[in-house]
2 protein chains.
Amino acid sequence: MSVSAASVVVSARGAARGAVRDAGLLAGGSGGPAALRPLVGTVLDALAVGAGERCGPLPRGGPEVVAGRVRAAVGEVLPEYGVGSGAALGVLVRALAEGAADPADPLCAAHLHCPPLAVAAAADLAASALNPSLDSWDQAPAASELEALVCGELAGLVFGGRVPARGGGRPDALVTTGGTESNQLGVLMARERFGRGVRVVCGENAHHSVHRSAWLLGLGEPVTVAAPRGVLDPAAVEEALAGVGGRALVVATAGTTDAGVVDPLPEVAEVVARCGARLHVDAAYGGPLLFSEGLRGRLAGLERADSVSVDLHKLGWQPVAAGLFVVPDAAELGVLDHRADYLNADDDAAAGLPDLLGRSLRTTRRPDVLKVAVTLRALGRRGLAELVEHACAAAGVLAGLVREERGLELRGWPELSTVLFRPVGASDEVVAEVRRRLLEEGRAVLGRASLDGRLWWKVTVLHPRVERGELAELVKLVRDAAADVAAGAGVACGAEVGA
Amino acid sequence: MSVSAASVVVSARGAARGAVRDAGLLAGGSGGPAALRPLVGTVLDALAVGAGERCGPLPRGGPEVVAGRVRAAVGEVLPEYGVGSGAALGVLVRALAEGAADPADPLCAAHLHCPPLAVAAAADLAASALNPSLDSWDQAPAASELEALVCGELAGLVFGGRVPARGGGRPDALVTTGGTESNQLGVLMARERFGRGVRVVCGENAHHSVHRSAWLLGLGEPVTVAAPRGVLDPAAVEEALAGVGGRALVVATAGTTDAGVVDPLPEVAEVVARCGARLHVDAAYGGPLLFSEGLRGRLAGLERADSVSVDLHKLGWQPVAAGLFVVPDAAELGVLDHRADYLNADDDAAAGLPDLLGRSLRTTRRPDVLKVAVTLRALGRRGLAELVEHACAAAGVLAGLVREERGLELRGWPELSTVLFRPVGASDEVVAEVRRRLLEEGRAVLGRASLDGRLWWKVTVLHPRVERGELAELVKLVRDAAADVAAGAGVACGAEVGA
C-alpha cells in the first residue's frame with residue numbers, strides 16, 4: 001500500500017476533522033500530481049497483472065463464471081471502513097482487466113469497440129484530475145475554448161468542402177456521448193424545424209438508435225424503407241417521402257453497424273433536396289475516413305447533409321466517449337438554447353462570459369475534447385489517416401483469407417472494415433453456437449449479423465496494427481470451432497474453463 | 001519526448017504500413033501499461049507546471065485573454081504531421097491546467113463542481129485504457145457485473161429502508177451522465193406510465209433540467225408551483241395536482257441548486273400518494289448525505305419516491321460523470337427494454353448472455369462505475385460520510401463568518417453546504433460585478449443566485465478538507481472587492497492581468 005493510500009485510511013478512520021489536510025486525497029491543486037503518481041503506478045501494475053491472468057481476448061468461462069470471479073474480488077461493495085486507495089485500486093483494476101474483452105487483442109473484433117490509443121487514455125487522466133465541467137465558463141475556462149477550436153476544425157473536415165455553406169455560416173459540432181446521442185440530436189433538430197408531426201424515414205439498415213430517438217422524442221415510429229441490397233435505395237426513399245409529405249427527416253448511414261456499408265449519399269441527398277426534407281447522416285463509423293485522402297471519396301455526398309454523427313471512439317481510437325454531432329451552420333444549434341440563471345444569466349452574457357449551456361443536452365459535462373485534441377496534435381491528419389487506412393486494408397486481407405477457405409462463405413468485399421462470413425451450408429444455430437462457444441472459452445470475440453435471411457459472423461476490424469498472421473489465426477480458430485460444433489463435439493478448452 | 005512518443009511519430013510519418021507494430025501505440029493489451037507509464041508521467045508533470053503557472057483558483061484575465069492563451073498553445077488543431085505523443089500531451093495538458101477553474105482550490109466554490117479524489121481519478125485511467133463498453137456483455141464481461149453490484153448496493157442505500165419495497169422487487173439504479181439525464185429518466189418513466197398527457201409538476205426551485213426534459217420528451221410545459229420560502233409547499237402541490245388530474249409527476253428536490261435546501265419530502269410524498277401521482281426526487285446534490293448516519297435524517301421521505309437522482313460527482317468527489325437514477329423496484333426499468341439483434345439477440349439471451357442495452361438510453365457507454373466502486377472500497381461508508389460531514393460543517397463555519405461581518409447579509413443557515421450572502425444595502429449590479437471581477441482577476445470563483453427578488457453570491461462548499469482560515473480568506477476577499485466596486489475603484493490586480 002502506498003503512503004498516500006495509508007493516509008486516506010487514517011483520515012477516514014479517525015483523524016481530527018479538517019485538522020490536517022491529508023496529503024494525497026485530491027487529484028487537483030498543486031498537490032494533485034504527487035498524489036496521483038503512486039496511485040497511477042498501482043493502476044498500471046494492476047492492469048498488467050490482470051491482462052496476464054486473462055491471457056487472451058476475453059476471460060474464460062462465460063457470464064456466470066466471470067461474474068463469480070468479480071463478486072469474489074469485490075467482496076463487500078460498500079464496507080463500513082475503507083481498505084485504502086492502493087488496496088482498492090489494486091484489487092478492482094486487476095479484476096476489471098482480468099475480466100475485460102480487450103480490443104487491443106486482434107481476436108477481440110466483434111463490435112465498433114476500438115482499442116484506445118495510449119496517448120488518448122493518458123490525456124483523459126488530465127480530464128479526470130482537473131474535472132472541468134463544460135456547462136459554464138467559470139468551471140472550464142480553457143477547456144471551453146479548446147472544445148470550440150476542435151469542434152470548429154472537425155466540423156470543417158465534414159462540411160468544409162461545401163460551397164457555399166448553407167446560410168453562409170460556419171460549420172460547428174457538439175461533443176456527444178456517441179452516435180446514439182448524435183442521432184437523437186439529428187432527429188430533435190428535425191422535430192424543432194418541422195414540428196411534432198415530422199416523420200423519420202430510414203432504411204432497415206439504420207442503427208437502432210434512430211428508432212429509439214423517435215420514441216424518446218415523442219414522435220411516431222419511423223417509416224422503415226427496405227434495403228434488400230444492404231443500402232438505401234434512393235427510389236424507395238423518394239416513394240416513402242411522397243407518402244409522408246415534405247415534413248420529414250431522412251436518416252442515411254455511412255458505415256452500417258451490421259455490414260459496414262455506405263448508403264448512396266449523393267443520390268439520397270438529391271431526393272431529400274427535391275422533397276424539401278432534411279437529411280441526417282449517421283457516419284458514426286465511417287466519418288473518420290475523412291482523415292484519409294485515399295478513402296474520403298467513399299463519403300462523397302456527406303457534405304450535403306443537414307447534420308452528421310461521427311464517433312471518434314470507433315475509427316478514431318479514443319476511449320469512450322468521443323462523439324460528435326456536426327452541422328454545416330453553427331446557427332442551427334440555436335435549437336438547444338436554454339437558460340438557467342446560475343449558469344448563463346443575461347448580464348453575464350452581456351459582460352462577455354461565454355454561454356455554454358446550449359452546447360449539449362447535458363448540464364455537467366466532462367471535457368472529452370481534451371483526449372481528441374491531444375490525439376489530433378500527436379498524430380496529425382496523416383497519422384490518423386494511416387491508422388484508418390490500415391484497419392480498412394486489414395479488412396480486405398481478412399476477406400481474402402476467408403475467400404481462400406473452401407469451407408467458408410464471404411458475404412461480400414468490405415467497404416469499410418467489416419467482414420461477414422459463415423460456414424458453407426451450416427445452419428444459423430451453428431453460427432450462433434460457434435460465436436458463443438468462442439466467447440465462453442475466452443478465445444475470440446466475434447460479432448453476429450442477420451442479413452439476407454441468414455446469420456453471419458461479423459468481424460469489425462478496428463485494430464490499427466493488426467497483422468496478416470493474426471487475421472489468419474482468427475480464420476483458423478473460427479473454422480475449426482465451426483467444424484467441432486457441427487460435429488457435435490466439444491472444443492478442447494483447457495482445465496480452467498468452467499472452473 | 002519519451003521513447004514511445006517518438007515511435008508514434010515515426011510510425012505516423014513513414015513506417016511501412018503495419019510492418020512493425022509500434023511499441024506504445026495502444027493503451028490496452030499486454031503492452032499497454034508500459035506504453036502508458038511515460039505518457040502518464042508527462043501528464044502529471046504538465047499538470048504540476050500548469051497549476052503553478054495558474055497560481056490560483058482560476059486563470060487571470062477573463063474569457064478573451066484565457067481563450068487567446070489557449071489558441072496560442074494549441075496552434076494548428078489538426079496539423080498535417082503529428083508532433084508526437086509526449087509533445088502533444090505536454091503542451092495541451094499544461095494549457096488545460098493553466099486555464100482550469102480548479103475546485104481543489106477552496107476559493108473555487110461557485111458550483112456543484114467538486115474536486116475529485118485522487119483515487120477516483122486514478123481508477124478512471126483504467127476505464128480509459130481498457131475501454132469496456134457497457135452495451136453488451138462481450139464488450140464488458142467484468143465491468144457489467146461490477147456495475148450491477150454497485151448499482152444494487154447504492155440503490156439499497158436509497159430504498160433499503162422502505163418496507164415493503166413496492167411490488168416486492170429489489171431496488172436498482174442506472175448509471176447516468178448526471179442529474180440532468182437522471183431527471184429526464186424520471187420524467188420518461190412517468191410518461192411511459194401515464195402516457196403523453198402526463199403533466200409534470202415542480203417547484204420554481206426545481207432544476208432547469210426538469211423543464212428541459214419535458215420539452216425533450218415531447219410533453220407540455222411543467223406546472224410550476226411557487227416556492228416563496230425556497231421549498232415546495234405541499235398544499236400548493238396538492239392544489240396543482242387537483243388542477244391537472246392524477247396523471248402527473250411531481251418533481252421534488254433534495255438540495256436545490258440555488259440554495260441547497262431540501263423540499264419537505266414526507267409531506268410531498270403524502271400528497272402525491274393521495275392524488276395517485278408519481279414522485280421523482282432530484283437528490284443529485286443531497287443524495288450522498290445517505291452515507292452519513294448523522295445527516296441522512298435530512299433526507300427522510302426520500303425512500304417514498306418512485307425514482308431518485310443522485311450524483312456522485314458532487315458530494316461524492318468523483319470526476320464527471322457519476323450520476324445515478326435509482327428506483328425502488330428493478331422491474332420498473334423495463335421501460336427501457338430495447339432490442340438490437342447485434343447486441344442482445346433472443347437466442348443469446350436464452351443462452352445466458354446478459355442483456356445490457358436496457359440499462360441506458362446510450363448505446364456505447366464508459367464504465368463510470370469503476371471509479372465509484374474503487375472509491376467505495378477505498379474509503380468505506382464512514383470515510384465518505386466524514387467527507388460529506390466536513391463539507392456541510394464547513395458551510396456552517398462559513399455562514400458563521402459571514403454573520404460576524406457587519407457589512408454582509410447572510411440569507412439563511414445552510415441546510416446542506418450552500419451559503420448565500422450579499423453586501424448590506426448593495427445593488428444587484430454590484431453583486432454581479434464583484435463576482436465577475438473576481439473571475440477576471442483569477443482570485444475566486446463565486447456563484448450567483450436570484451432569490452427573494454435579489455441577487456446573492458453563492459458559495460457551494462464541496463471541498464472535503466477546506467479549513468476555517470481559507471473560508472475567512474474568501475469572506476475577506478469578497479468583502480474587500482465589494483467595497484472597491486461600490487466605491488467605483490478598481491481592485492489592485494497585479495501586472496499580469498489582461499496581459
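Below, chains carry the letters A, B, ... as their sequence lines are ordered, and counting in each starts from 1. The figures that follow rest on heavy atoms only: side chains count, while hydrogens, waters and symmetry mates do not.
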Task: B:T257 portion near chain A, given a 4.5 angstrom heavy-atom threshold - done: side chain

Open item on the list: Is any side-chain heavy atom of B:H111 closer than 4.5 Å to one of A:S136?
Closed with: yes

Task: Per-residue contact mode, B:V40 against chain A (heavy atom under 4.5 angstrom) - done: both

Open item on the list: Quick test of your reading of the model: are B:R366 and B:D124 salt-bridged, counting only N-O distances below 4.0 Å?
Closed with: yes

Open item on the list: Heavy-atom cut-off 4.5 Å, strictly under: side chain, backbone, both or neither for B:R436 against chain A?
Closed with: side chain

Task: Residue B:V445 versus chain A: region with a heavy atom under 4.5 Å - done: side chain

Open item on the list: Which one wins on heavy-atom pair count under 4.5 Å against chain A: B:E429, B:R339, B:E80?
Closed with: B:E80

Task: chain B contacts, top residue of A:V66, A:L154, A:L112 (heavy-atom pairs, under 4.5 Å) - done: A:V66

Task: Contact origin within B:R196 toward chain A - heavy atom pairs under 4.5 Å - done: side chain

Open item on the list: Using modelled atom types and a 3.5 Å cut-off, is there a donor and acceptor pairing between side-chain atoms of B:R69 and backbone atoms of B:A95?
Closed with: no

Task: Reported CG-to-CG distance for the pair B:L384 and A:L78, which is rounded to 0.5 angstrom - done: 7.5 Å

Task: Contact class of B:D347 relative to chain A, heavy atoms under 4.5 angstrom - done: both

Open item on the list: What part of A:A373 gets within 4.5 angstrom of chain B, counting heavy atoms only: side chain, backbone, both, or neither?
Closed with: both

TODO: With side-chain contact (heavy atoms from CB on, under 4.5 Å) as the test, would you mind laying out the steps for B:V91 and B:V83 before giving the verdict?
DONE: CA-CA 10 Å; B:V91 165; B:V83 303; over 6 Å; no

Open item on the list: Which atoms of A:T375 are under 4.5 Å from chain B, going by heavy atoms: the side chain, the backbone, both sets, or neither?
Closed with: neither

Task: Engaged part of B:E76 at the chain A interface, taking heavy atoms whose separation is under 4.5 Å - done: backbone

TODO: Determine yes or no for a side-chain-to-main-chain donor-acceptor pair under 3.5 angstrom, with A:K371 supplying the side chain and A:A126 the backbone.
DONE: no

TODO: Name the member of A:R362, A:R365, A:K458, A:Q184 that forms the most heavy-atom pairs with chain B at distances under 4.5 Å.
DONE: A:R362

Open item on the list: Just verifying a value: how many Å separate B:L439 CG and A:W137 CH2, rounded to the nearest 0.5 Å?
Closed with: 6.0 Å

TODO: Can you measure from NE2 (A:H338) to OG (B:S209) and round to the nearest 0.5 angstrom?
DONE: 7.5 Å

Task: Donor-acceptor under 3.5 Å (A:H463 side chain, A:A104 main chain) - done: yes

Open item on the list: Quick one, B:L36 and A:V43 - any side-chain contact, counting heavy atoms below 4.5 Å?
Closed with: no

Open item on the list: Using heavy-atom distances under 4.5 Å, tell me whether A:P367 contacts chain B through its side chain, its backbone, both, or neither.
Closed with: neither

Task: Under 4.5 Å from any heavy atom of chain A - which part of B:V74 - done: both

Task: Contacting region of A:V77 [heavy-atom separation from chain B under 4.5 Å] - done: both

Open item on the list: Quick check on A:E181 against chain B: is it the side chain, the backbone, both or neither that has a heavy atom closer than 4.5 Å?
Closed with: neither

Task: Least distance between heavy atoms, B:G29 atom then B:P33 atom - done: O-CD, 3.7 Å

Open item on the list: At a heavy-atom distance under 4.5 Å, which candidate from B:D138, B:L353, B:D102 has the highest pair count against chain A?
Closed with: B:D138

TODO: Identify which of A:H313, A:R468, A:R448, A:H207 forms the greatest number of heavy-atom pairs closer than 4.5 Å to chain B.
DONE: A:R448

Task: Heavy-atom proximity to chain B below 4.5 Å, by part of A:L58 - done: side chain

- [ ] May I have the step-by-step check of salt bridge (charged side-chain N to carboxylate O under 4.0 Å, His left out) for B:R465 and B:E386, ending in yes or no?
- [x] CA-CA 10 Å; B:R465 284 289 178 263; B:E386 196 225 1; 3.2 Å; yes

Task: Which atoms of B:D105 approach chain A - backbone, side chain, both or neither, heavy atom under 4.5 Å - done: neither

- [ ] For each of A:A129, A:S128, A:G218, A:A123, tally heavy-atom pairs with chain B at distances under 4.5 Å, and name the one with the top tally.
- [x] A:S128

- [ ] Quick one: pull up OH in B:Y81 and CZ in A:R381 and give me the separation to the nearest 0.5 Å.
- [x] 8.5 Å

Task: A:P59, part contacting chain B, at a heavy-atom distance under 4.5 Å - done: side chain

Task: Engaged part of A:L216 at the chain B interface, taking heavy atoms whose separation is under 4.5 Å - done: both

Task: Greatest number of heavy atom pairs closer than 4.5 Å to chain A - which of B:G41, B:P116, B:G179 - done: B:P116

Task: Choice from A:A394, A:A48, A:S450, A:P319 maximising heavy atom contacts with chain B below 4.5 Å - done: A:P319

Open item on the list: Heavy-atom cut-off 4.5 Å, strictly under: side chain, backbone, both or neither for B:S144 against chain A?
Closed with: neither

Task: Closest approach of A:P132 to A:A143 (non-hydrogen atoms, all atoms of both residues) - done: CB-CB, 4.0 Å

Task: Among B:T177, B:L44, B:T180, residue most engaged with chain A (heavy-atom pairs, under 4.5 Å) - done: B:L44

Task: Contact origin within B:D45 toward chain A - heavy atom pairs under 4.5 Å - done: both

Task: Interatomic distance, A:R191 atom CZ to A:L217 atom CG [nearest 0.5 angstrom] - done: 5.5 Å

Task: Side-chain donor-acceptor pair present, B:N131, A:H113, cut-off under 3.5 Å - done: no

TODO: Would you name the heavy atoms of B:S133 and B:A140 that are closest together and state the gap between them?
DONE: O-CB, 3.5 Å

Task: Pairs of heavy atoms under 4.5 Å with chain B: top-ranked of A:V93, A:L130, A:L47 - done: A:L130

Open item on the list: Just by distance, no angles: are the side chains of B:D135 and B:T363 close enough, under 3.5 Å, to form a donor-acceptor pair?
Closed with: no

Task: Contact class of B:L146 relative to chain A, heavy atoms under 4.5 angstrom - done: both

Task: Side chain / backbone / both / neither for A:D348 at chain B, heavy atoms under 4.5 Å - done: both

TODO: Pick whichever of B:A321, B:P115, B:G178 has the most heavy-atom pairs under 4.5 Å with chain A.
DONE: B:P115

TODO: Tell me, for A:D258 versus chain B, whether the close heavy atoms (under 4.5 Å) come from the side chain, the backbone, both or neither.
DONE: side chain

Open item on the list: Only pairs of heavy atoms separated by less than 4.5 Å count here; which of B:L343, B:L188, B:V374, B:T364 has the most with chain A?
Closed with: B:V374

- [ ] Verify, without hydrogens or angle tests, whether A:H390 (side chain) and A:V466 (backbone) share a donor-acceptor contact under 3.5 angstrom.
- [x] yes

Task: Interchain contact, B:D311 with chain A, by part (heavy-atom threshold 4.5 Å) - done: neither

TODO: Enter the distance from A:R382:CZ to A:E389:CD here, rounded to the nearest 0.5 Å.
DONE: 9.5 Å

TODO: Please flag which part of B:L370 lies under 4.5 Å from any non-hydrogen atom of chain A: side chain, backbone, both or neither.
DONE: side chain

